[in-house]
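Report on the following structure.
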Amino acid sequence: MKIVIIEDENAGVENLKYALAEVCPECAIQAVLSTVNEAVSYFKKAPEVDLLFSDIQLDDRLAFEVFKQINQETPVIFVTAYHQYAIEAFKHYGLDYVLKPFTDDDIQKALAKARTYVKGKQHIKTDQLTKALSEWNNTKTYKNTFLVNFQDRLIPISVKNIAFFYKDDKTKIKCFSGDNYAVNLTLDDIEDQLSPDKFYRLNRQMIIQRDAIKDIRFYFNGRLKIKTSPEVDFEVIVSKAKATDFKNWLKD
């Protein structure tokens, strides 16, 4: 099976390569592409590919822009930390939607769907996937409390008191009270445990609660600059690729 990977993070590429080597030794990786422009250029040469593994949030734009610009019927397994793009993903020949951090078993199950497609060319219908995703969302539960170490104590922090999660030297919780707590989790781990109705992943540095957004300002090159409450001592920027999605989230 000939595979192309679209991913802009080295760690993501290496993790996926390792998982594929473990569960699919016969898979041959033809190329690793890190930007929308690079991917469009590659696929316009019409290479023979059986399957794509693609992240969604790339450095320059969302990966969906690749598939809008090429005549693409190759099935895609989306591998991402952002669960809010699932419905859109299935409109672009998405066979599966694997959330990071993934396991070898997750990749093996996704490949089983791909083999069925490649063998029989029977694409899974978008409405079936949408229904399955809706059922999954309706049964998924989210954290109400995070337990943090503070000095010689354990402190339960209710999510309703959390303004945002952010990353500097460590991953930290910032409460509306102004208190800061370090937490031994990555932002990717935390994002999957939060309700997408209440929290949004602004960028690789911050996940914010709605009520912590004080105002939004237009910034260079179509980006947005967020002023938070409580305030932070660094700029909080939403990329042009995520700006529309972020504004739609605020309207919901």
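Keep in mind that this is a model prediction, so the values were computed, not measured.
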**Request:** Measure from the side-chain N and O atoms of K242 to the backbone N and O of R201, and report whether any donor-acceptor pair falls under 3.5 Å.
**Result:** yes

**Message:** To check you understand the geometry: which heavy-atom pair defines the closest contact between V4 and L33, and what is its length?
**Reply:** CG1-CD1, 3.8 Å

**Message:** Any side-chain to backbone donor/acceptor pair from E38 onto S34? Under 3.5 Å, distance only.
**Reply:** yes

**Item:** Other residues, nucleotides, ligands: >12 heavy atoms within 6.0 Å of N248 CG
**Value:** yes

**Request:** Report the relative orientation of the aromatic rings in F78 and F67; use parallel for angles under 30°, tilted for 30 to 60°, perpendicular for over 60°.
**Result:** perpendicular

**Message:** Could you go through D50 and K2, starting from their C-alpha distance and side-chain angles, then the distance that decides it, and tell me whether this counts as salt bridge (charged side-chain N to carboxylate O under 4.0 Å, His left out)?
**Reply:** CA-CA 5 Å; D50 298 312; K2 296 179 180 179; over 6 Å; no

**Message:** Would you say NZ of K143 has more than 12 non-hydrogen atoms from neighbouring residues, nucleotides or ligands within 6.0 angstrom?
**Reply:** yes

**Asked** What about I237 and L58, same hydrophobic cluster or not, with Ile/Leu/Val/Met/Phe/Trp/Tyr joined at side-chain heavy-atom distances under 4.5 Å?
**Response** no

**Asked** Is there a side-chain contact between F164 and V232, using heavy atoms and a 4.5 Å cut-off?
**Response** yes

**Side-chain donor/acceptor of Q205 to backbone N/O of K167, under 3.5 Å** = yes

**Item:** Salt bridge present between D96 and R115 (N-O < 4.0 angstrom)
**Value:** no

**Request:** Flag yes if more than 12 heavy atoms outside F220 fall under 6.0 Å of its CZ atom; otherwise flag no.
**Result:** no

**Message:** Between F53 and F102, is the ring centroid distance below 6.0 Å?
**Reply:** no

**Residue pair N10 / E7, side-chain heavy-atom distance below 4.5 Å** = no

Donor-acceptor pairs under 3.5 angstrom involving side-chain atoms of residues 39-47: please list them, not counting sequence neighbours.
none

**Request:** Check the side chains of Y142 and D197 for a donor-acceptor pair under 3.5 angstrom, ignoring hydrogens and angles.
**Result:** no

Side-chain polar contacts of residues 144-156 - donor-acceptor pairs under 3.5 angstrom, sequence neighbours left out - could you list them?
none

**Request:** Please step through side-chain contact (heavy atoms from CB on, under 4.5 Å) for the pair L194 and I207, ending with a clear verdict.
**Result:** CA-CA 9 Å; L194 297 171; I207 303 170; 3.8 Å; yes

**Prompt:** Does A11 offer a backbone N or O that forms a donor-acceptor pair with the side chain of N15 under 3.5 Å?
**Reply:** yes

**Request:** Would you mind reporting whether Y97 and T80 have side-chain heavy atoms less than 4.5 Å apart?
**Result:** yes

**Request:** Verify, without hydrogens or angle tests, whether Q30 (side chain) and E48 (backbone) share a donor-acceptor contact under 3.5 angstrom.
**Result:** no

**Message:** With a 3.5 Å distance limit and no angle check, can you tell me whether T228 reaches the backbone of A212 through a side-chain donor-acceptor pair?
**Reply:** no

**Request:** Please test I216 against L250 for side-chain contact (heavy atoms from CB on, under 4.5 Å), starting from the C-alpha separation and ending with a verdict.
**Result:** CA-CA 11 Å; I216 304 166; L250 282 174; 3.2 Å; yes

**Asked** Out of curiosity, D211 CG to K198 NZ, how far, rounded to the nearest 0.5 Å?
**Response** 10.0 Å

**4.5 Å side-chain heavy-atom contact, L202 and F246** = yes

**Prompt:** What's the spacing between I5 CD1 and L20 CG if we round to 0.5 Å?
**Reply:** 6.0 Å

**Request:** Let me see the working for D105 and T103 under side chain to side chain donor-acceptor pair (under 3.5 Å), right down to the final yes or no.
**Result:** CA-CA 5 Å; D105 188 52; T103 65; 5.1 Å; no

**Prompt:** Nearest 0.5 Å, what's the CD1-CG distance between I56 and D8?
**Reply:** 12.0 Å

**Message:** Nearest 0.5 angstrom please: I162 CD1 to K174 NZ, how far?
**Reply:** 13.0 Å

**Request:** Give the minimum heavy-atom separation between A243 and L224, together with the two atoms involved.
**Result:** CB-CD1, 3.9 Å

**Message:** Has Q69 got a side-chain atom pairing as donor or acceptor with E65's backbone, closer than 3.5 angstrom?
**Reply:** yes

**NZ/NE/NH1/NH2 to OD/OE distance under 4.0 Å, D188 and K100** = no

**Linked, directly or transitively: F176 and I190 (ILVMFWY side chains, under 4.5 Å)** = no

**Message:** Taking the side chain as everything from C-beta on, heavy atoms only, tell me whether T186 gets closer than 4.5 Å to E191.
**Reply:** no

**Message:** Are Y18 and V23 packed together at the side-chain level, in the sense that at least one heavy-atom pair is separated by less than 4.5 angstrom?
**Reply:** no

**Request:** Can you measure from NZ (K109) to CG (L111) and round to the nearest 0.5 angstrom?
**Result:** 13.0 Å

**Message:** For E9, is there an ion pair with R204 - N to carboxylate O distance below 4.0 angstrom?
**Reply:** yes

**Item:** Side chain to side chain, I213 and I208, heavy atoms closer than 4.5 Å
**Value:** yes

**Message:** Atom CG of residue position N184 - does it have more than 12 heavy atoms of other residues, nucleotides or ligands inside 6.0 Å?
**Reply:** no

**Message:** Is it the case that the side chain of D215 and the backbone of I226 share a donor-acceptor pair, with hydrogens and angles ignored and the cut-off at 3.5 Å?
**Reply:** no

**Request:** Rounded to the nearest 0.5 Å, what's the gap from OG on S239 to CG on N221? Could you check?
**Result:** 11.5 Å

**Prompt:** Backbone N or O of W249 within a donor-acceptor pair of the R210 side chain at under 3.5 Å?
**Reply:** yes

**Prompt:** When you look at F165 and L187, which way does the side-chain contact (heavy atoms from CB on, under 4.5 Å) test go after all the steps?
**Reply:** CA-CA 7 Å; F165 300 83; L187 288 182; 3.8 Å; yes

**Request:** State whether a side-chain donor-acceptor pair under 3.5 Å links Y200 with D245.
**Result:** yes

**Fill in**
Note: A19 and I107 closest approach over all heavy atoms is CB-CG1, 3.9 Å

**Message:** If you compare all heavy atoms of I157 against all heavy atoms of C175, which two are closest, and at what distance to 0.1 Å?
**Reply:** CG2-SG, 3.8 Å

**Message:** Apply side chain to side chain donor-acceptor pair (under 3.5 Å) to residues E235 and Y219 and explain how you reach the verdict.
**Reply:** CA-CA 11 Å; E235 290 188 331; Y219 204 54; 3.1 Å; yes

**Request:** Begin with the C-alpha distance, continue with both residues' side-chain angles, and end with the deciding distance and a verdict on side-chain contact (heavy atoms from CB on, under 4.5 Å) for D168 and F234.
**Result:** CA-CA 10 Å; D168 52 17; F234 56 86; 5.9 Å; no

**Message:** Looking at every heavy atom in both Q57 and A241, which two are closest together, and how far apart are they?
**Reply:** NE2-CB, 4.0 Å

**Prompt:** Between A163 and P230, which heavy-atom pair has the shortest distance, and what is it?
**Reply:** CB-CD, 3.6 Å

